[in-house]
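Taking it in order: structure first as structure tokens, then the write-up.
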Amino acid sequence: MKAIEVMIVDDSAVVRQVLSALLNAAPGITVTHAVANPILAMERMKSQWPDVIVLDVEMPRMDGITFLRKIMAEHPTPVVICSTLTEKGAQTSVEALSAGAVAIITKPRLDLKQFLHDSAEELVSAVRAAAGANVRRLAGRAAAPVHPTVKHNADVILPPAEGPRAMTQTTERVVAIGTSTGGTQALEEVLTALPRVTPGMVIVQHMPEKFTAAFAARLDSVCQIRVKEAANNDRVLQGQALIAPGGKHMLLRRTGAQYYVEVVDGPLVNRHRPSVDVLFRSVARCAGANALGVIMTGMGDDGAAGLLEMLKAGARTVAQDEASCVVYGMPKEAVKRGGVEKSMPLNLIYRDILAQLAGFGN
């Protein structure tokens with residue numbers, strides 16, 4: 001099998017050296033070039049185009065986002081962003097995801113060399129996921145790291161319900177969406193297609209801490225609906241989407257006929273925090289037949305078990321189809337487990353969300 005050929009573009013010599021050593025040590029990955037800026041990268045790419053690019057965003061001569069947009073317009077290629085964990089860096093990286101990057105690896109400004117060594121498995125996983133991504137879905141328009149830890153399920157946050165639990169019907173409807181790699185672009189396509197009046201939405205997008213606020217703000221600026229990073233006890237309201245904050249789990253709760261969210265700490269679930277399974281289980285328990293569950297592009301199986309619980313509780317369930325996914329991992333596993341009523345192209349999902357407003361099927 002051909003090795004994944006990687007180009008590193010970063011103005012830090014230390015970063016180039018450490019990333020090259022870590023990736024070259026991983027089976028099936030070869031760093032072909034490590035250069036200091038996009039101008040040099042373009043020169044190297046004339047003779048040898050990489051399979052994956054690991055790209056910094058703040059560099060001299062040409063910034064990473066300009067370079068990324070140029071690549072995606074001329075020769076779509078999987079790109080992993082390596083960005084500093086600052087507010088400015090988060091906003092810039094969200095722009096990069098919107099422009100077509102597949103994933104984000106966060107790096108601090110201090111103790112960088114040790115951090116990169118500690119994050120070796122995360123980096124390798126991101127590069128492997130990027131190599132298998134359907135970049136045609138990203139061109140012209142992405143992702144979260146895989147954490148090398150024990151894989152917990154949703155039981156560590158919310159124990160399963162004991163036996164079937166009938167849900168009282170209300171006029172309030174809720175839509176729960178879970179996504180990962182490629183999800184930033186997918187969510188933008190779905191949410192920008194929605195009018196101002198929609199069911200209340202709760203969303204988990206696998207994304208690092210500090211990035212979700214910038215991501216939600218960006219979506220809010222391009223959507224007719226309101227989009228915000230969820231805070232504890234936020235009401236689930238029509239015409240609004242709540243994005244689970246990075247580094248926290250989000251659960252749906254209910255008081256009377258009203259829904260709200262609880263934002264909590266806790267262990268990683270399916271190696272993620274926030275976890276789609278945690279959200280979907282809470283929706284199954286609190287909303288039941290009043291809910292629609294949507295699982296979209298992403299690597300791994302987070303959300304598959306929770307979507308099945310939602311279906312068993314009477315909710316409608318939808319998966320993004322393979323052809324429109326950047327990575328057909330999470331939807332594929334949900335279909336395999338029997339939790340999906342129907343699969344559909346990304347550009348049609350908004351219709352089922354709007355139908356939920358009228359309580360279709362209920």
Quick one: closest heavy-atom pair of [X] and [Y], and the distance?
X	Y	value
Asp51	Pro78	O-CD, 3.2 Å
Val9	Pro38	CG1-N, 3.8 Å
Pro274	Gly246	CD-CA, 4.0 Å
Arg337	Leu308	O-CD2, 3.7 Å
Asn134	Ala323	ND2-O, 3.8 Å
Ala305	Asp277	N-OD1, 3.4 Å

Side-chain contact, heavy-atom cut-off 4.5 Å: [X] with [Y]?
X	Y	answer
Val326	Gln185	no
Met201	Ile353	yes
Pro199	Leu292	no
Val6	Pro50	no
Glu188	Arg218	yes
Val54	Val127	yes
Cys325	Pro331	yes
Arg44	Gln48	no

[X] side chain to [Y] backbone, donor-acceptor under 3.5 Å:
X	Y	answer
Asn270	His272	no
Gln320	Thr297	yes
Glu333	Gly300	no
Thr77	His75	yes
Asn232	Val263	yes
Thr317	Leu307	no
Arg196	Gly239	no
Ser282	Leu279	yes

If you group Ile, Leu, Val, Met, Phe, Trp and Tyr by side-chain heavy-atom gaps below 4.5 Å, do [X] and [Y] land in one group?
X	Y	value
Val283	Leu311	no
Met310	Val261	yes
Val222	Ile243	no
Leu251	Leu237	no
Leu68	Met62	yes

* **Derivation of the side chain to side chain contact (heavy atoms under 4.5 Å, CB included) call for Ile8 and Val31** => CA-CA 7 Å; Ile8 298 168; Val31 176; 4.0 Å; yes
* To do: For the pair His206 and Val276, evaluate side chain to side chain contact (heavy atoms under 4.5 Å, CB included) and give the outcome as yes or no after the intermediate values.
  => CA-CA 8 Å; His206 292 157; Val276 181; 3.9 Å; yes
Using 0.5 Å steps for rounding, measure from the [atom1] atom of [X] to the [atom2] atom of [Y].
X	Y	atom1	atom2	result
Leu187	Glu189	CG	CD	10.5 Å
Thr66	Ile71	OG1	CD1	11.0 Å
Arg273	Lys248	CZ	NZ	8.5 Å
Ser93	Met207	OG	CE	9.5 Å
Leu191	Tyr350	CG	OH	13.5 Å
Leu55	Phe67	CG	CZ	6.5 Å

Contacts under 3.5 angstrom, residues 223-231 side chains, donor-acceptor by atom type, not counting sequence neighbours:
| residue | atom | partner | partner atom | Å |
| --- | --- | --- | --- | --- |
| Arg226 | NH1 | Gln240 | OE1 | 3.0 |
| Lys228 | NZ | Asp234 | OD2 | 2.5 |
| Glu229 | OE2 | Thr212 | OG1 | 2.7 |
| Glu229 | OE2 | Ala213 | N | 3.4 |

* Apply side chain to side chain contact (heavy atoms under 4.5 Å, CB included) to the pair Met296 and Val190, showing each step before the final yes or no. => CA-CA 11 Å; Met296 304 199 306; Val190 171; 4.1 Å; yes
* What's the verdict on side chain to side chain contact (heavy atoms under 4.5 Å, CB included) for Thr198 and Leu354, showing C-alpha distance, side-chain angles and the deciding distance? -> CA-CA 6 Å; Thr198 63; Leu354 291 178; 4.0 Å; yes
